[in-house]
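In the text below, chain A, chain B and the rest are named by the order of the sequence lines, each starting its count at 1. Values in this document were obtained by computation on a predicted structure and should not be read as measured data.
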Amino acid sequence: MALIILGALAGCFTGLLPGIHVNNVVIVLLSLSPLVLSHFDVYQVTGFIIAMAVVHTFVDFIPSIFLGAPQEDSVLSVLPGHRMLLAGRGYDAVRLTVVGGVGASAVGIALLPMGLALFSYLYSVFLDFLPWLLALVILYMVLMEGEPKKMAFSLAIVAYSGALGVVVLDGGVLDPAYALFPTLTGLFGLSTLLLSLRARPRIPPQHTDARPVPARKGVVIGAGAGLVAGLVPSIGTSQSALVVQNLFRGEGDEEFLVALGGVNTTETLYAFLALYLIGNPRSGASIAVERMITDVSFWDFLFMVGVVMAAVFPAVVLTLGITRLAVRGIEKIDYPLLSKATTVFLVVLIGLLTGWKGILVAATATAIGIATPILGVKRSHCMGVLMVPTILYFL
Amino acid sequence: MDDRQILGMAFTVSTAGLLLLFLVSGQLQPLFLEPSEISLSHAGRKVSTAGEVVSLRFHEDGHVFFEVADASGGIKVAIFQDVARDADTGCLAEGRRVEVTGRVKEYRGAPEVVVQEPGDIQCTS
């Protein structure tokens with residue numbers, strides 16, 4: 001139990017700091033595993049890792065919404081979250097992702113028996129149709145722009161971001177452990193921050209009162225998308241979330257944020273199901289668990305499910321508590337100054353983690369990200385950065 | 001949904017999770033391996049093994065060290081003083097067959113099974 005609490009605190013650390021992911025801590029733990037495992041039982045270490053991964057999926061929406069500094073699994077929350085922040089509802093934005101996380105974890109657990117029964121069949125079907133499904137999603141996104149000129153621009157954004165993805169992710173330009181950080185920060189974070197500097201927004205007083213939101217659809221779709229992300233290779237939370245975003249087109253930010261919160265938490269749960277059923281670890285945390293528990297039994301799997309569930313309450317308490325502190329702080333802060341400071345911080349962090357090549361990648365990504373609102377098309381076309389390499393990998 | 005409702009729902013999920021962990025903890029059986037199969041990749045895991053006692057040594061401080069071996073190889077076993085005083089170490093003798101359960105640890109670059117419960121060592125012949 002103590003290690004689950006410690007894992008929850010570690011999840012706060014990885015979730016709050018841009019550029020630091022659960023995988024970074026997992027790499028350190030694995031490299032120190034002989035030392036760690038001489039003091040702790042393998043289930044204690046596994047509990048720590050799983051709790052960290054779960055809490056991370058809740059907390060990482062805070063920097064994404066308040067600072068515009070996303071990680072892969074919170075990237076699509078930047079714009080709706082930012083809009084709500086500028087409407088005085090930053091706390092509500094994070095709360096909606098929390099509602100999604102809690103609700104979808106309950107739905108995900110309820111669906112586990114079905115997952116156990118149908119997984120092998122679904123796995124083979126998805127593998128056969130994966131590239132075509134992703135191509136259809138891109139086509140749908142482009143067609144939804146409506147006007148031919150905008151369709152052409154959005155296709156160009158998909159092509160440019162896709163080319164960047166191929167170069168960065170498959171070309172070995174950057175250390176794979178950090179390759180996504182400058183790319184996604186540039187496309188979604190730095191570009192948003194720089195554009196918001198031009199607009200010189202003022203953060204209005206923030207409200208913490210809850211508004212009624214029809215969360216049911218968001219929870220169910222978030223859980224379903226998280227299930228797919230957890231089970232199917234190369235479909236991450238961001239690709240799943242993109243499909244979700246298209247399902248919520250025109251329905252407002254609130255329910256979309258609920259669904260996004262649900263995707264990440266359910267993905268964590270179902271990555272362990274994939275590990276148990278086919279021995280295929282689908283996330284950094286499940287790779288670590290696979291290394292620790294060499295032959296995953298049914299009881300081991302139930303242990304993992306138990307830890308995921310047990311970590312939900314600390315995750316909610318920590319996320320809402322930290323967000324309340326952030327809300328109090330952000331009202332007193334000069335937001336343009338905060339945006340400048342965050343921009344400098346992110347550039348320095350990119351430089352430290354990935355060197356001059358990372359800065360170059362981030363600059364290219366930022367330029368593509370800034371181009372989208374100037375061309376009048378949606379920023380989500382930038383997700384070509386992950387979709388195109390995935391399609392090419394499977395073709 | 002306000003904060004209180006969210007916390008209530010999260011509390012329910014977590015309580016169910018803790019209950020599941022409680023139920024599962026009794027079922028997490030140690031992995032049974034032949035002595036030669038135990039390696040450093042099992043570090044931190046609870047394993048059971050069986051074989052013949054060789055190189056038995058009773059330390060003056062109360063620790064007991066020996067090797068469990070079969071035709072394919074052996075694994076070092078340590079029973080430290082605090083466990084050894086309540087364990088049935090009197091039955092140990094070179095050549096006797098034993099069943100041992102314990103956690104795999106690294107000792108001087110090699111795996112070693114450390115017995116943690118007095119009942120986790122049983123002489124079978």
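- Using a 4.5 Å heavy-atom threshold, the side chains of A:Phe313 and B:Leu7 count as touching.
- Heavy-atom neighbours of B:Lys76 NZ from other residues, nucleotides or ligands within 6.0 Å: at or below the threshold of 12.
- The salt bridge (charged side-chain N to carboxylate O under 4.0 Å, His left out) check on A:Arg324 picks up B:Asp3, with sequence neighbours excluded.
- Smallest separation of non-hydrogen atoms from A:Pro314 and B:Ser14: CD-OG, 4.0 Å.
- Highest contact tally toward chain B, considering only A:Val102, A:Val317, A:Val316, is held by A:Val102 [criterion: heavy-atom pairs under 4.5 Å].
- Atom CD1 of A:Ile4 sits about 6.5 Å away from atom CG of B:Leu18, to the nearest 0.5 Å.
- Neither the backbone nor the side chain of A:Phe301 comes within less than 4.5 Å of any heavy atom in chain B.
- Between B:Leu21 and A:Leu302, every side-chain heavy-atom pair lies at or beyond the 4.5 Å cut-off.
- More than 12 heavy atoms of other residues, nucleotides or ligands lie within 6.0 Å of CZ in B:Phe58, so this atom counts as buried by the packing criterion.
- With a 4.5 Å cut-off on non-hydrogen atoms, A:Val305 touches chain B through its backbone and its side chain both.
- Going from atom OG of B:Ser25 over to atom CZ of A:Phe303 covers 9.5 Å, rounded to the nearest 0.5 Å.
- In the displayed structure, B:Phe65 atom CZ is contacted under 6.0 Å by more than 12 heavy atoms of other residues, nucleotides or ligands.
- For A:Tyr43, the part lying under 4.5 angstrom from a heavy atom of chain B is the side chain only.
- Heavy atoms of A:Val45 lying under 4.5 Å from chain B are absent altogether.
- Counting heavy-atom pairs under 4.5 Å between each of B:Leu40, B:Ile6, B:Leu23 and chain A puts B:Ile6 at the top.
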